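First up is the structure itself, then whatever we jot down about it.
As the structure is a prediction and not an experimental result, all values here were calculated from the model.
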Number of protein chains: 2
Amino acid sequence: MKPTSKAAIFAKEIPYAVRSCHTNPSISCGECRLGELCLPIALDAKEILRLDEIVKQGRALSKGDYLYHQDEEFKAIYAIRAGSFKTFKTSRDGTEQVTGLYLPGEIMGMDGISSNRYGSSAIALETGSFCEIPFHLLEDLSTKIPSLQGRFFRLMGQEIVKDQQMLTLVSSNAADERVAALLLSISSRNHRRKLSPTHFRLPMTRADIGSYLGVTLETVSRVFGRLQKLAIVKVDNREIEVIDMPALKKIAKVHDGD
Amino acid sequence: MKPTSKAAIFAKEIPYAVRSCHTNPSISCGECRLGELCLPIALDAKEILRLDEIVKQGRALSKGDYLYHQDEEFKAIYAIRAGSFKTFKTSRDGTEQVTGLYLPGEIMGMDGISSNRYGSSAIALETGSFCEIPFHLLEDLSTKIPSLQGRFFRLMGQEIVKDQQMLTLVSSNAADERVAALLLSISSRNHRRKLSPTHFRLPMTRADIGSYLGVTLETVSRVFGRLQKLAIVKVDNREIEVIDMPALKKIAKVHDGD
DNA sequence: CGGTATCTTGACTGTTGTCAAGCCCCGTGG
DNA sequence: CCACGGGGCTTGACAACAGTCAAGATACCG
């Protein structure tokens, strides 16, 4: 419920010379090191410049700040630059259900496209920054740049695949399997960003994880306890160290590499 | 595993004079009475003609026939004209997990866009027919017809919203709620097609429903028993009659209309 | 340094899964 | 037309995993 953007303050604290996407909020798509994960994949240099013209860059948020609210008018999609975000639906009785976890290079807000209203709220789990891409401008540009249209079709397709994977995960009822799969998901997404796949910090609380996976926070806690006892992961509060990756994959019923 | 198409046979049985989409397999998009539900929404007459040029119409399938297989190369998306279809994922150990139920006017196959391979298999639950839309042609045409691009963005957005609704449904762990929500979903989709929202036939077996909802078939059966005992629905095998719609919505925790 | 949010652990309960038996419906073939 | 067979469905008994409630410990923020 804090509408205040801290973009200005954040920008002052970070010297412009730092040409790294996740620390410098005012960098362009062409210079952003997340480019190869984010929207610009499949675009050439000239096309990226045109994309840059419609992307509002470098806004920052701190923990608890909203990116958008459920049922609010859909105007833009958001590319995560730094930090982590969750999306959640609030039902009439006030219950919150976490529907997504988003890390740098990923795109949020696509659940608003069909109905012109966001289907969920998005909130920062820690200090972070993002780029805003007004959807109507993206649509216009997509008709002019076929490779951008193709990229965005594929991006939406990815979201569909991701959601269906979550669905099958949550339908298959083993709590251990769900938690293991979440750890592996974070691990592989970290790996893509050249971060350690075996040592990371959970961006969500036990309650959020539980809500996301369809179990209670107590169960999440107990599963972490079990996995630790089996020497598969080391859990120190939010700090996770994967000790036995094959065993973790076995529990998650993931057989192939990642 | 039956690759045989019965299009030819089917076409013979139905007189061409019947200008109704779901019975005449060789009707065009412009004439199809599902047009207002399907891909052509938001297109004008001239644009629909161009869409018609890329749509392969009127193929028919009988129960158990595959529309496409998991991991097979993604070539096209499919618009359902008649009948009902399910999508499912097969995991390495042979377990099948139902991931979707598709009724006339709905589009299947979008889970193949991002990776160029279908993420699930699609099979006919009864005799039915469909239109095939080669994706690369749709992409080409979309760059030329902005309203088609917009329509397809929205269609994919709808799929994302639908999947996320399933996710929240399956996460919230009441079996009664899940079954009630499925009944309501079928009911409202029937309503859109001008069919009875209170009296319909379940296209899936108990086992399929259970797999889709993340419960066992026995639980599905018991829930139907409970709902019947409460005089909320009348269940006669696959035949469903909704007697107390408000009560059903209450169980499904749907408060609003639809 | 104090207060609150988060996390862990325990005991008990309950819904759902599992296993098993039997029924019903429907299509097939005699 | 009827007998047969098999898939689909129902129902019951029991067990187990996870939910609920509660208390206490720990971490984090101002």
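- Between A/Glu132 and A/Lys56 a salt bridge is recorded (basic side-chain N to carboxylate O distance below 4.0 Å).
- The distance from atom CD of A/Glu177 to atom P of D/dA18 is 11 Å, rounded to the nearest whole Å.
- Between the CZ atom of B/Arg226 and the P atom of D/dT11 there is a distance of 12 Å, rounded to whole Å.
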Pick out the pairs of N or O atoms, protein on one side and nucleotides 4-8 of chain C on the other, that lie under 3.5 Å.
unit_1	atom_1	unit_2	atom_2	d
C/dC7	OP1	A/Arg238	NE	2.9
C/dC7	OP2	A/Arg206	N	2.7
C/dT8	OP1	A/Arg206	NH2	3.2
C/dT8	OP2	A/Arg206	NE	2.8
C/dT8	OP2	A/Ser221	OG	2.7
C/dT8	O5'	A/Ser221	OG	3.1

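- To the nearest angstrom, P of D/dC9 lies 11 Å from CD1 of B/Ile240.
- Side-chain N or O atoms of B/Glu106 include none that pairs as donor or acceptor with a backbone N or O of B/Ile80 at under 3.5 Å.
- Side-chain N/O atoms of B/Thr219 include none lying less than 4.0 angstrom from OP1 or OP2 on C/dT15.
- Of the candidates D/dA18, D/dT20, C/dG17, the closest approach to any side-chain atom of B/Val215 belongs to C/dG17.
- One finds a salt bridge joining A/Glu177 and A/Lys253 here, because a Lys/Arg side-chain nitrogen approaches an Asp/Glu carboxylate oxygen to under 4.0 Å.
- Residues B/Arg189 and B/Ser185 have side chains that bring a donor and an acceptor to within less than 3.5 angstrom of each other.
- Per the geometry, NZ belonging to A/Lys229 stands 11 Å off C1' belonging to C/dT9, to the nearest Å.
- Rounded to whole Å, atom P of C/dT16 lies 16 Å from atom CD1 of B/Ile209.
- A pairwise comparison of heavy atoms in B/Thr99 and A/Thr168 identifies CG2-CG2, 3.7 Å as the closest pair.
- When ring centroids are compared, A/Phe85 and A/Tyr78 stay outside the 6.0 Å threshold.
- Mapping A/Asp236 and A/Ala174 onto DNA chain D by nearest heavy atom places A/Ala174 closer to the 5' end of the strand.
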